[in-house]
Amino acid sequence: PTLADSNYSLTVTATDTAGNISAASSALNITVDTIAPAKPIITTTTTLTNDATPTIEGVAEEGSTLTLFVDGVTTGITTTADGTTGAYTITPAELSDGAYALTVTATDTAGNISAASSALSITVDTTAPAAPTFTTTDTTTNDTTPIIIGTAEAGSTVELLNGDASLGTTTADVTTGIFSITPSSELSEGLNSLTVTATDEVGNTSSASSALSITVDTTAPAQPSITTTTSLTNDATPTIEGIAEAGSTVTLFVDGVTTGITTTADGTTGAYTITPSISLSDGTHNLSVLATDVVGNVSVFSIILPIEID
């Protein structure tokens with residue numbers, strides 16, 4: 001007869017040709033189970049990873065054997081669900097970069113196999129972003145926290161480094177990949193070698209960019225001097241001579257007011273000449289100059305040259 005699902009104790013007797021019946025055999029206790037386990041569940045929610053062998057977690061019938069399938073094909077990889085909670089973990093062999101549908105089935109001790117779980121769609125990405133690039137071209141500045149601009153993988157996290165020291169992170173634009181970042185701490189006076197790396201959303205980190213060598217100069221030029229000694233002249237636009245920081249821009253002031261007139265000190269000697277563009281009125285005027293270096297640091301005023309126009 002066909003046995004219904006249940007527990008049974010089976011025995012047999014033997015009857016010979018004369019009709020004598022033996023004692024019953026020892027009992028065979030047997031359980032009939034034709035019911036497949038409930039569909040197992042995958043509780044892992046990760047859908048994007050840089051782990052080529054991601055661990056999958058879930059819940060199935062207690063004590064059942066879980067088999068992992070990738071894109072509907074068995075991997076042959078199995079694990080046993082916890083005998084009390086049904087919790088399980090299972091790990092595939094290394095997956096190449098790409099998208100996958102992972103499922104599991106549960107097989108009970110009687111060999112009944114469940115329906116496949118709902119699929120976990122997961123993408124494996126182990127490829128690092130390309131090295132980011134700088135578009136900032138300034139190599140000298142008087143700003144100790146200059147804004148640095150460049151391009152990286154769209155949406156990646158860009159980290160700014162000065163040598164091995166991190167100067168903060170920012171996120172590259174999700175469409176263009178353009179980033180701008182301001183150092184989180186001041187750059188030191190002198191030469192700094194800055195690089196950036198890009199890390200994608202699953203944690204793959206690029207190689208470092210080419211270095212941006214940037215020199216910070218916050219030191220003002222030395223006080224310029226006026227070497228002209230003339231104190232009385234009939235020239236209403238007298239030429240003034242002096243010495244300033246080599247290559248600096250010298251600005252002329254008359255009676256403490258800028259004339260807007262500038263000249264560039266010699267790149268080697270620092271010598272300069274500068275002449276008012278508007279005639280000075282008769283009388284005594286106090287002439288002075290300022291020197292501004294190439295990054296915008298401004299000196300103190302020179303000593304005043306009092307000059308009388310007659």
Side-chain angles (χ1 to χ4, degrees), residues 1-14 22-129 153 155-157 159 169 171 197-207:
T2 299
L3 300 177
D5 283 12
S6 186
N7 297 317
Y8 296 91
S9 180
L10 304 183
T11 58
V12 292
T13 61
S22 71
S25 66
S26 298
L28 170 65
N29 294 316
I30 191 169
T31 299
V32 175
D33 176 8
T34 62
I35 299 173
K39 182 169 72 172
I41 297 170
I42 295 176
T43 56
T44 296
T45 57
T46 300
T47 58
L48 181 62
T49 181
N50 65 350
D51 184 356
T53 56
T55 296
I56 308 303
E57 298 181 347
V59 178
E61 181 177 292
E62 296 88 341
S64 62
T65 298
L66 280 301
T67 302
L68 178 64
F69 291 73
V70 176
D71 294 333
V73 177
T74 182
T75 63
I77 297 169
T78 62
T79 191
T80 302
D82 184 270
T84 303
T85 64
Y88 69 86
T89 61
I90 195 166
T91 303
E94 187 170 310
L95 302 173
S96 57
D97 281 13
Y100 300 92
L102 305 185
T103 55
V104 290
T105 60
T107 303
D108 63 20
T109 54
N112 300 303
I113 302 174
S114 72
S117 67
S118 297
L120 170 66
S121 297
I122 191 167
T123 298
V124 175
D125 175 10
T126 62
T127 304
E153 181 176 293
S156 62
T157 298
E159 182 176 20
T169 61
T171 302
T197 59
T199 301
D200 64 23
E201 61 182 319
V202 294
N204 300 306
T205 300
S206 73
S207 56

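Everything numeric here is computed off the predicted structure, so don't read it as measured data.
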* Please report the C-alpha distance between T199 and T205 in whole Å, then the side-chain angles of each, then the deciding distance to 0.1 Å, and finally whether the side-chain hydrogen bond (donor to acceptor under 3.5 Å, both in side chains) criterion is met. => CA-CA 4 Å; T199 301; T205 300; 3.0 Å; yes
Quick check: closest heavy atoms across [X] and [Y], and the distance to 0.1 Å?
{"X": "I113", "Y": "A36", "result": "O-CB, 3.4 Å"}
{"X": "L66", "Y": "A81", "result": "CD2-CB, 3.7 Å"}
{"X": "N204", "Y": "V202", "result": "ND2-CG2, 3.2 Å"}
{"X": "P37", "Y": "N112", "result": "CD-O, 3.3 Å"}
{"X": "T44", "Y": "L120", "result": "O-CD1, 3.6 Å"}
{"X": "K39", "Y": "S118", "result": "NZ-OG, 3.8 Å"}

Approximate separation, where rounding is to 0.5 Å, of [X] [atom1] and [Y] [atom2]:
{"X": "D97", "Y": "T127", "atom1": "CG", "atom2": "OG1", "answer": "4.0 Å"}
{"X": "L102", "Y": "F69", "atom1": "CG", "atom2": "CZ", "answer": "12.0 Å"}
{"X": "I90", "Y": "T80", "atom1": "CD1", "atom2": "OG1", "answer": "9.5 Å"}
{"X": "T107", "Y": "E61", "atom1": "OG1", "atom2": "CD", "answer": "10.0 Å"}
{"X": "I30", "Y": "Y8", "atom1": "CD1", "atom2": "OH", "answer": "10.0 Å"}
{"X": "D71", "Y": "S121", "atom1": "CG", "atom2": "OG", "answer": "9.0 Å"}

Between [X] and [Y], is any side-chain donor less than 3.5 angstrom from a side-chain acceptor?
{"X": "N29", "Y": "S9", "answer": "yes"}
{"X": "N7", "Y": "T31", "answer": "yes"}
{"X": "T91", "Y": "T55", "answer": "yes"}

Check for a donor-acceptor pair, side chain of [X] on one end and backbone N or O of [Y] on the other, with a separation under 3.5 Å.
{"X": "T43", "Y": "E57", "value": "yes"}
{"X": "S206", "Y": "A198", "value": "yes"}
{"X": "T85", "Y": "D82", "value": "no"}

* Let me see the working for I122 and T47 under side-chain contact (heavy atoms from CB on, under 4.5 Å), right down to the final yes or no. => CA-CA 4 Å; I122 191 167; T47 58; 5.5 Å; no
Mind checking whether [X] and [Y] have side chains closer than 4.5 Å, heavy atoms only?
{"X": "V104", "Y": "I56", "value": "no"}
{"X": "Y88", "Y": "I41", "value": "no"}
{"X": "V124", "Y": "D51", "value": "no"}

